[in-house]
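Just so we're clear, the structure is a prediction, and the values are computed from it rather than from any experiment. Excluded from the calculations below are hydrogen atoms, water molecules and symmetry mates; all remaining heavy atoms, backbone and side chain alike, are included.
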Amino acid sequence: MSVRVVARVRPLLKSERELDVILRTDSSSQALPGKSDKKSSQEKGSLAALRDRDNLVRIPNPKNESEEYSFQFNAVYDAEASQQELFDAEVAPTVKHLFNGFDVTLFAYGVTGTGKTHTMRGGKSLADRGAIPRLLSSVYRRSRKMEKESNGETSVRVSLSYYEIYNDKVFDLFEPPEKRTLAGLPLRDNGGKTVVVGLTERPCHSLKEFEVLYDQANTNRSTSATKLNAHSSRSHAILCVRVAVSTGDRTCISTASAIDLAGSEDNRRTDNDKERMVESASINKSLFVLAQCVEAIGKKHSRIPYRESKMTRILSLGQNNGLTVMILNLAPVRSYQLDTISSLNFANRTKKIEVREVENEPMFKGPPRPVARPSMASVRQPLRPLTASVNVNLTAAKDAATGEKPAKAFHVFSDKSHLRVSTQFKKPDAPKRTSLSSEISRLSSKPTRLAQPTHQPTHQPQKHYDDISAARIEEMVEKKVEEILAVRAVSEQSRQTQVRELNEQVQRRLELLEQRIEGTEDARAEGLSYLLMAKQHQARGEDSFALRMYQLALPFFPNNEKLSAKIANLKERTQGKPRQDADITTSTIAPPGAKKEFGSMLSLKRQPVKMPSLKQAAEQFSDEDVTEIAHLRRKKRTKTKSPIEEECGSVDLDEPAPSPRTIHLLSIINSRDVSQIKLLKGVGVKKAEAIVDCLCEMDHSQAEEAPQFQISSLAELSKLKGVGVKSVQSMRTGVLV
Ligand SMILES: Nc1ncnc2c1ncn2[C@@H]1O[C@H](COP(=O)(O)OP(=O)(O)OP(=O)(O)O)[C@@H](O)[C@H]1O
């Protein structure tokens, strides 16, 4: 079934004005009977009928006052609604459930100063008593009735525990504040429920006793005056009423939790001091986590962040079995408008949460009996938002008006796979367990927490889960989630490392490629040098030397037919000639790898043979090879210099095409974007600005219609004011391509 959400609009406070009222409820627009606990049942019936019609809360859109947002809830109580009416319609029906073994959660939610404490605790007068004292009164009344009707066979024991969550710490309100420890009381999971360890539980036999205990405990609660509420609750207060119904050796225990949440605070309006701000931060955080839980449930997330705050862990909205009623407290005035809209949105999401309708297991006196434990499915079912939400609650009151018995005060949403025909409210006094057990035997697959003393073996497939408590399952799930998150974090880290490594590898490979290209050019230059020398020798008629040089050049141009033909030609010619040089004829042709045997191109150059200058050679050899040799030689010569000097020093028509790195660098410079230029290696903001200034000056010096001045080479760049060869070198090496 769904969480039942009802809205209650408080009346105007003395400080508030009628003309500031912005909330509209359907019932408020009708002329209602006067506020009194002594209304006739007919009056009550008509009131309920009025509310039952629509149950809307309307509030103007803060951005467009002519527009209205409307929110529908299970019931809406306007400023006229009395404590008695609210109790009769919303809380009283849950008491039967409590005595039938179901847990009940009742909580008040709303912004600070909207009437949560008034609704839950209320005032001192009889009419002003809130839902909690009325609940206790009802519990005792029902206990007496049960005991009387059973002729003493059934006994009911009521015990109370009361605690607050203050600054995300749990404190026992039945203990004086001096006894509090700094850390507060710890929480523990026990059979799917969150319990407070070390909490005192006080047996409470009568309403009188309760009133004394409750009043005493409330003096221990943290409250303070804030600008928005003179008696603002600074903590979430949780009263647990434990009802143990014993018949013979069988005891059924169920708990009603009545929670007065602290209200969310807009600290721009509270004028809170430091201490109040700390409290406020803690209150707002826990309420934020609660909203996150509700959202996560609505969106069917696998992880609901209950554990992120003690309040959400205890409230366990959507995880708690039994019945849950939320009273949304609202202030009607404009100063609360934004907070009210946010509360309405929260409540709107909450009403879609399903809560399992599961009875508590009874306990038996005497030796332990085999107990059918709840299966996993019954303890933790996946949470789903409701697809439809129908309010039928107030038909109860309507029926009361017609004198009929209320048919059903809560609409029960049952999960098909865990189908259960609810008997709540239908036959409140019928022997429920018998009907339920017969129903269970009919729907044998239905998991239940209901246990009967039985000697039949438990269902085999469930046995596997029998040893796993709900708490253990939750622990396991959390552990698993943490593991998955940890693995994700590690894999994300390793992914980043991989990307970094990959970048480095790519960079290295690029550099290698560059080197290889340069190396290939080196080898080609060396081959061409041999060709040059061969031609020089040939020109001088030194055929055998020429042949040797051609043969040395051959490995550098293996598929060059022209060269092979020349070698063949020279070979033919030299075979007929006498030896010119014994050393030369005996020498063999070396592969390129063995070039060191003959010395590199440079060592050959050092031989005493008078070599023509490159210019001469170029004159003597007219073919394109020589042009290339001249070019590569120039390049080779500059190769001994730094790469930047190579590029800077050879800015002429023969300058090779700029490398991608250079192009990138020049494009950054030409962008005139200081934010980019300052990121270049060795360039700070000042230098970047100086470069841009310089470029702008050049732009100004150009004709007006001329395009922007562009730096087209590293040499040009190095000539800019404040930029030297070294800085260009540093900039270029820092550029990643
Ligand atoms: N239905 C009501 N009828 C009459 N007075 C009300 C009603 N609801 C609230 N009030 C009054 O409004 C004021 C604020 O109410 P209350 O202290 O209950 O707010 P709260 O929501 O509990 O605030 P906080 O979160 O700060 O504790 C109180 O003076 C209270 O008496």
Name the atoms and distances for all side-chain donor-acceptor pairs under 3.5 Å in residues 673-682, with sequence neighbours left out.
| unit_1 | atom_1 | unit_2 | atom_2 | d |
| --- | --- | --- | --- | --- |
| D673 | OD1 | S675 | N | 3.0 |
| D673 | OD1 | S675 | OG | 2.6 |
| D673 | OD2 | S675 | OG | 3.4 |

| query | Which residue, I691, I668, L714, forms the side chain to side chain contact (heavy atoms under 4.5 Å, CB included) with M731? | reply | I691
[X] side chain to [Y] backbone, donor-acceptor under 3.5 Å:
{"X": "K169", "Y": "G184", "result": "no"}
{"X": "K310", "Y": "D168", "result": "yes"}
{"X": "S730", "Y": "K726", "result": "no"}
{"X": "Q337", "Y": "P60", "result": "yes"}
{"X": "K352", "Y": "V294", "result": "no"}

| field | Worked check of salt bridge (charged side-chain N to carboxylate O under 4.0 Å, His left out) between K721 and E697 | value | CA-CA 11 Å; K721 211 167 115 192; E697 263 174 40; 5.0 Å; no
With a 4.5 Å cut-off on side-chain heavy atoms, are [Y] and [X] touching?
{"X": "S564", "Y": "L554", "result": "yes"}
{"X": "N61", "Y": "I341", "result": "no"}
{"X": "Q551", "Y": "I567", "result": "yes"}
{"X": "I669", "Y": "L695", "result": "yes"}
{"X": "I297", "Y": "Y306", "result": "yes"}
{"X": "L330", "Y": "L344", "result": "yes"}
{"X": "Y69", "Y": "P62", "result": "yes"}
{"X": "I165", "Y": "S235", "result": "no"}

| request: List for me each residue that meets side chain to side chain donor-acceptor pair (under 3.5 Å) alongside N670, sequence neighbours excluded, and say none if there are none. | output: Q710
| query | Could you walk me through whether K566 and E561 pass the salt bridge (charged side-chain N to carboxylate O under 4.0 Å, His left out) check? | reply | CA-CA 8 Å; K566 270 187 184 167; E561 286 176 11; over 6 Å; no
| task | Return the minimal non-hydrogen interatomic distance between R234 and Y166, and the atom names on each side. | result | O-CD1, 3.4 Å
| request: State which residues pass ring-ring contact (aromatic ring centres under 6.0 Å, His included) with F71; sequence neighbours excluded, sorted by chain then number. | output: none
| remark: Sequence neighbours excluded, the answer for ring-ring contact (aromatic ring centres under 6.0 Å, His included) partners of F346 is Y109
Only counting residues at least two apart or in another chain, list the ones meeting side chain to side chain contact (heavy atoms under 4.5 Å, CB included) with [X].
{"X": "K480", "value": "E483, I484"}
{"X": "R313", "value": "L187, D189, T194, R307"}
{"X": "S286", "value": "H236, S309, M311"}
{"X": "L570", "value": "Q538, D543, A546, L547, Y550, R573"}

Check salt bridge (charged side-chain N to carboxylate O under 4.0 Å, His left out) between [X] and all other residues, then give those that pass, not counting sequence neighbours.
{"X": "R303", "value": "E308"}
{"X": "R349", "value": "none"}
{"X": "E689", "value": "none"}
{"X": "E67", "value": "none"}

Taking atom [atom1] of [X] and atom [atom2] of [Y], what is their separation to the nearest 0.5 Å?
{"X": "K285", "Y": "N167", "atom1": "NZ", "atom2": "CG", "result": "11.5 Å"}
{"X": "C293", "Y": "F288", "atom1": "SG", "atom2": "CZ", "result": "10.5 Å"}
{"X": "N348", "Y": "Q72", "atom1": "CG", "atom2": "CD", "result": "9.5 Å"}

| query | For E716 and S712, what are the C-alpha separation, side-chain angles and deciding distance, and is it a side-chain hydrogen bond (donor to acceptor under 3.5 Å, both in side chains)? | reply | CA-CA 7 Å; E716 269 181 28; S712 56; 3.1 Å; yes
